[in-house]
Amino acid sequence: MKFYKMHGTGNDFVMLLPEESKYVESKNPSEISKQLCDRHFGIGSDGLILMLSSDKADLKMRIFNADGSEAEMCGNGIRCFAKLAKDMNIINKDKIEVETLAGIIVPEIIKSDGKNSLIRVNMGIPNLKPESIPILGFEGKDSVINQRIQINDKTFLNVTCVSMGNPHCIIFMDYDIKSFPIEGIAPDVEHSAWFPKKTNVEFARVISKNDIELRVWERGVGETLACGTGACATAVAAKLNGFTNGKVNIHLPGGILHIEYETSNVFMTATATLVFEGIIEI
Ligand SMILES: N[C@H](CCC[C@H](N)C(=O)O)C(=O)O
């Protein structure tokens, strides 16, 4: 089976074209994702992305995490998806509509030099309602902004929660997040009873009105070099808390994601890169 290995600011994916995607979908995509994403026994990646036909949009994208769980959306992944669909002539336009479990998402190729493409994505409208994150314990509230929750007997956190179709729990810190041992608390947050569908966990330090430093512990993966929906959710959370303006550079270990958010849709601009292609037996 042919596959394409791609990344968006260091968040890497095994990508399949429609024929292979249909085959995998007809088998057990969750198990296959675990096999292909394994960094020792498989190709190695943060996730598996299927490219499928859609009766609601130009194409349909399904994203499976390295642990086999299916996510609603993937920001870095949809940039890779748009690049691959155009480069392989699956679609012959630069701006496409993609059906996802988070709704119709619209990536647009701004420029491309073959290996790398610059892509701007309309990521849709963030959802702040507790029942949409979902997070328990805030019934009747409109949002969860800077709220204190207890994670375990020794950990209390001030959190802001945002859904980009997938759940995000953002923790703002005012000290060096590079050296902070996020693996010490992130898994407990990811699997906390507060979050019935688990959650992605963001550790953010505001550098200026236009810059945030970010590390992300992703649901179903662990720490990644970048997270597109996480960067969008963090930009929304920072604006809601009055920390930043509408245009924010999110500085992640894998690179910078440029986010625009005023009051409605969130836009993300960054690159997508083809690393290699290959054949694997499954
Ligand atoms: N692990 C995420 C899905 C991948 C999102 C991330 N890679 C991105 O770029 O948005 C979740 O379970 O919600």
Side-chain angles (χ1 to χ4, degrees), residues 5-15 29-30 33-34 36-37 39 44-50 61-84 98 100-103 105-107 117 119-124 126-127 132-135 161-170 182 186-187 189-192 195-204 214-237 250-259 261 266-273:
K5 185 68 179 16
M6 300 184 75
H7 77 84
T9 45
N11 190 198
D12 62 342
F13 305 98
V14 173
M15 312 284 302
S30 175
S33 181
K34 284 162 74 174
L36 298 182
C37 294
R39 294 200 186 273
S45 75
D46 292 330
L48 167 66
I49 291 185
L50 306 185
M61 180 179 85
R62 292 184 72 182
I63 159 81
F64 293 85
N65 290 310
D67 74 348
S69 61
E70 182 168 11
E72 300 83 352
M73 225 314 260
C74 180
N76 290 319
I78 205 162
R79 296 199 313 275
C80 296
F81 181 95
K83 172 177 176 57
L84 188 65
V98 181
T100 74
L101 291 176
I105 304 295
V106 183
S117 297
I119 296 165
R120 184 170 190 261
V121 188
N122 178 344
M123 294 286 286
N127 196 325
S132 301
I133 304 298
I135 180 169
C161 296
V162 176
S163 171
M164 292 304 298
N166 59 348
H168 295 274
C169 176
I170 297 101
I182 70 170
V189 181
E190 176 191 359
H191 298 277
S192 159
F195 299 99
K197 289 188 176 176
K198 304 198 305 179
T199 188
N200 298 285
V201 192
E202 281 79 15
F203 299 83
L214 184 66
R215 288 175 66 188
V216 185
W217 178 274
E218 284 200 34
R219 176 180 65 170
V221 189
E223 183 169 10
T224 58
L225 295 182
C227 177
T229 51
C232 293
T234 300
V236 171
I250 306 286
H251 302 260
L252 292 130
I256 300 175
L257 297 177
H258 304 284
I259 313 295
Y261 171 68
V266 187
F267 292 86
M268 168 181 62
T269 303
T271 55
T273 302

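Both counts, for ligands and for their atoms, begin at 1 and track the order of listing. Keep in mind that what you see is a predicted model, and the values were worked out from it rather than measured.
Inter-residue side-chain proximity for His168 and Thr234 is flagged as unmet; no heavy-atom pair is nearer than 4.5 Å. Taking the side chain as every heavy atom from C-beta outward, Arg79 and Met6 never approach each other to under 4.5 Å. Glu70 places none of its side-chain heavy atoms less than 4.5 Å from the side chain of Pro29. Residues Phe81 and Ile63 fail the side-chain proximity criterion, which asks for heavy atoms closer than 4.5 Å.
The residues lining ligand 1, counting any heavy atom closer than 4.0 Å, are Asn11, Asn65, Ala71, Met73, Cys74, Gly75, Asn76, Asn166, Asn200, Glu218, Arg219, Cys227, Gly228, Thr229.
A donor-acceptor contact under 3.5 angstrom links the side chains of Glu218 and Thr224, judged on distance only.
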Inset, instruction - With side chain to side chain contact (heavy atoms under 4.5 Å, CB included) as the test, would you mind laying out the steps for Glu223 and Asp46 before giving the verdict? - result: CA-CA 10 Å; Glu223 183 169 10; Asp46 292 330; over 6 Å; no
